[in-house]
Amino acid sequence: MALPESNLQLRAIMLLGLLVFPGPGMVLAEKKPPLSQTPVSPLTELHAILAEHGQDPSDNATRLRLANLYLENGQDIHQEEDLKRQAFEEGARLAQQVLETEETNAEAHYLYAANLGSAAQLSGIMASAMTVGTLKTHVRQALELNPRHAQALHMMGMMMEELPWFLGGNPEMALSHLIKAIEVKPDYMRARLDLAKIYLKRNNTQAARTELQYIVAAPS
């Protein structure tokens with residue numbers, strides 16, 4: 001699940017601290033962004049677009065932007081499960097609308113899979129298992145259309161890491177996809193954090209430290 005950049009950096013600092021100073025009682029300062037930075041909240045941007053275009057915009061570019069914002073709000077902003085589910089379902093609906101007229105749109109395939117998968121996760125293990133085939137189909141299509149789609153590479157890698165082998169899990173390919181995602185987009189910090197966790201899982205602490213240090217050193 002995605003995290004706001006400030007939270008992501010804090011997670012990286014904590015993991016890095018555990019590598020350097022393992023054990024209880026460690027206190028870490030949160031890395032805070034400069035006061036001059038005032039990023040626009042995904043929820044604020046969502047409301048602005050809805051006010052201008054309505055819930056059912058006529059152009060696919062706006063549909064995709066809304067689908068992405070619904071995904072961000074469901075992952076990062078909303079705390080209540082019902083609001084999260086509503087956001088993911090609306091994001092999937094809009095991405096699916098784009099696919100009805102643009103079957104070769106890689107971003108639409110990715111956003112449909114990401115929103116659908118996030119909604120399924122909220123519904124439990126069985127619901128997630130039932131949608132695995134659909135998710136893999138759309139992520140694969142996104143990568144066939146755009147082999148350098150960093151978010152799709154990340155999603156495919158995490159699916160391969162987390163799924164059992166009989167549902168398509170493949171730890172070796174998972175690592176390969178995560179590495180390629182950050183090669184394509186070096187500032188993709190969420191993929192770097194997941195890559196660091198995978199390295200830790202494989203007891204490759206030096207590689208994990210490298211990824212975590214990159215995240216911590218990046219501008220907020």
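Here the structure is a predicted model, which means the values were calculated and not measured. The first residue in the sequence is number 1, and the count goes up from there.
Ring planes of H138 and Y112: perpendicular class, angle over 60° (limits at 30 and 60°).
In this structure, CD in E100 is found 13.0 Å from CG in N105, a value given to the nearest 0.5 Å. In this structure, H177 NE2 and L195 CG are separated by 13.5 Å, a value rounded to the nearest 0.5 Å. Rounding to the nearest 0.5 Å gives a distance of 4.5 Å between CG of N60 and CD of E102. Note that CG of L135 is 11.0 Å distant from CZ of R140, once rounded to the nearest 0.5 Å. Atom-to-atom distance recorded for L145:CG and H109:NE2 is 5.5 Å, nearest 0.5 angstrom. L71 contributes atom CG, which lies 13.0 Å from atom CD of E90 (distance to the nearest 0.5 angstrom).
Scanning all heavy atoms of the two residues, the minimum distance from Y188 to I182 falls at O-CG2, 4.1 Å. Closest of all the heavy-atom pairs between L200 and T205 is CD2-CG2, 4.4 Å. For the pair R190 and D76, the tightest heavy-atom approach, listed with the atom from each and the gap, is NH2-OD2, 3.3 Å. When all heavy atoms of G91 and A67 are compared, the closest pair comes out as O-CB, 3.5 Å. When all heavy atoms of L99 and A108 are compared, the closest pair comes out as CD2-CB, 3.6 Å. Counting all heavy atoms, side chain and backbone alike, L178 lies closest to G157 at CD2-CA, 3.6 Å.
L175 and L153 are members of different hydrophobic clusters when ILVMFWY side chains are connected at heavy-atom separations under 4.5 Å. Criterion: ILVMFWY side-chain heavy atoms under 4.5 Å apart, direct or through other members. Under it, I198 and L193 are not part of a common hydrophobic cluster. In the hydrophobic clustering of this structure, Y199 does not group with M160; members are Ile, Leu, Val, Met, Phe, Trp, Tyr whose side-chain heavy atoms approach within less than 4.5 Å, directly or through other members. Cluster membership check: V98 shares its hydrophobic cluster with L111, using side-chain heavy-atom separations under 4.5 Å among Ile, Leu, Val, Met, Phe, Trp and Tyr. Both V184 and M173 are part of a single hydrophobic cluster, where members link through side-chain heavy atoms under 4.5 Å apart.
Between R85 and E81 there is a salt bridge, with a side-chain nitrogen of the basic residue lying less than 4.0 Å from a carboxylate oxygen of the acidic one. Taking the charged nitrogens against the carboxylate oxygens, E183 and K180 have no contact shorter than 4.0 Å, which rules out a salt bridge.
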Checking M155 against M158 for the side-chain contact (heavy atoms from CB on, under 4.5 Å) test, could you report, in this order, the C-alpha distance in whole Å, the side-chain angles of both residues, the deciding distance, and whether it holds? CA-CA 5 Å; M155 184 173 178; M158 294 309 296; 6.0 Å; no
side-chain contact (heavy atoms from CB on, under 4.5 Å), that's the test. Do L163 and V132 meet it? Break it down for me. CA-CA 9 Å; L163 288 172; V132 165; 3.9 Å; yes
Under the side-chain contact (heavy atoms from CB on, under 4.5 Å) rule, what do Q55 and L50 come out as? Steps first, then yes or no, please. CA-CA 6 Å; Q55 195 70 39; L50 290 176; 3.8 Å; yes
Please determine whether side-chain contact (heavy atoms from CB on, under 4.5 Å) holds for the pair V139 and K136, giving the CA-CA distance in whole Å, both sets of side-chain angles, and the decisive distance to 0.1 Å. CA-CA 5 Å; V139 179; K136 288 166 65 177; 6.0 Å; no
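Counting only residues at least two apart or on different chains, the salt bridge (charged side-chain N to carboxylate O under 4.0 Å, His left out) pairs with a member in residues 155-177 are E161-K201, E161-R202.
If you check the side chains of R209 and Q206, you find a donor sitting under 3.5 Å from an acceptor. Inspection of the E103 and Q141 side chains reveals no N or O donor paired with an N or O acceptor under 3.5 Å. When only modelled atom types and interatomic distance are considered, N68 and E72 share a side-chain donor-acceptor pair under 3.5 Å.
You'll find the side chain of L94 stays beyond 4.5 Å of the side chain of L64, heavy atoms only. Two residues are said to be in side-chain contact when any heavy atoms from C-beta on lie closer than 4.5 Å; W165 and N170 fail this criterion. In this structure the side chain of E89 never reaches within 4.5 angstrom of the side chain of Y70, judged on heavy atoms. Using a 4.5 Å cut-off on side-chain heavy atoms (C-beta onward), P186 and R192 make contact. Contact of the L43 side chain with the L69 side chain is not registered, since no non-hydrogen atoms from C-beta on lie closer than 4.5 Å. Side-chain contact between R93 and Q97 is present, with heavy atoms from C-beta onward closer than 4.5 Å.
Side-chain atoms of T62 never come within 3.5 Å of backbone atoms of S58 as a donor-acceptor pair (strictly under, hydrogens ignored).
Partners of H78 according to the side chain to side chain donor-acceptor pair (under 3.5 Å) rule, which considers only residues two or more places apart in sequence or in another chain, do not exist here. In this structure, N73 has no side chain to side chain donor-acceptor pair (under 3.5 Å) partners at least two apart in sequence or on a different chain.
Tested against E107 for a side-chain hydrogen bond (donor to acceptor under 3.5 Å, both in side chains), the candidates R65, Q151, H149 yield a single pass: H149.
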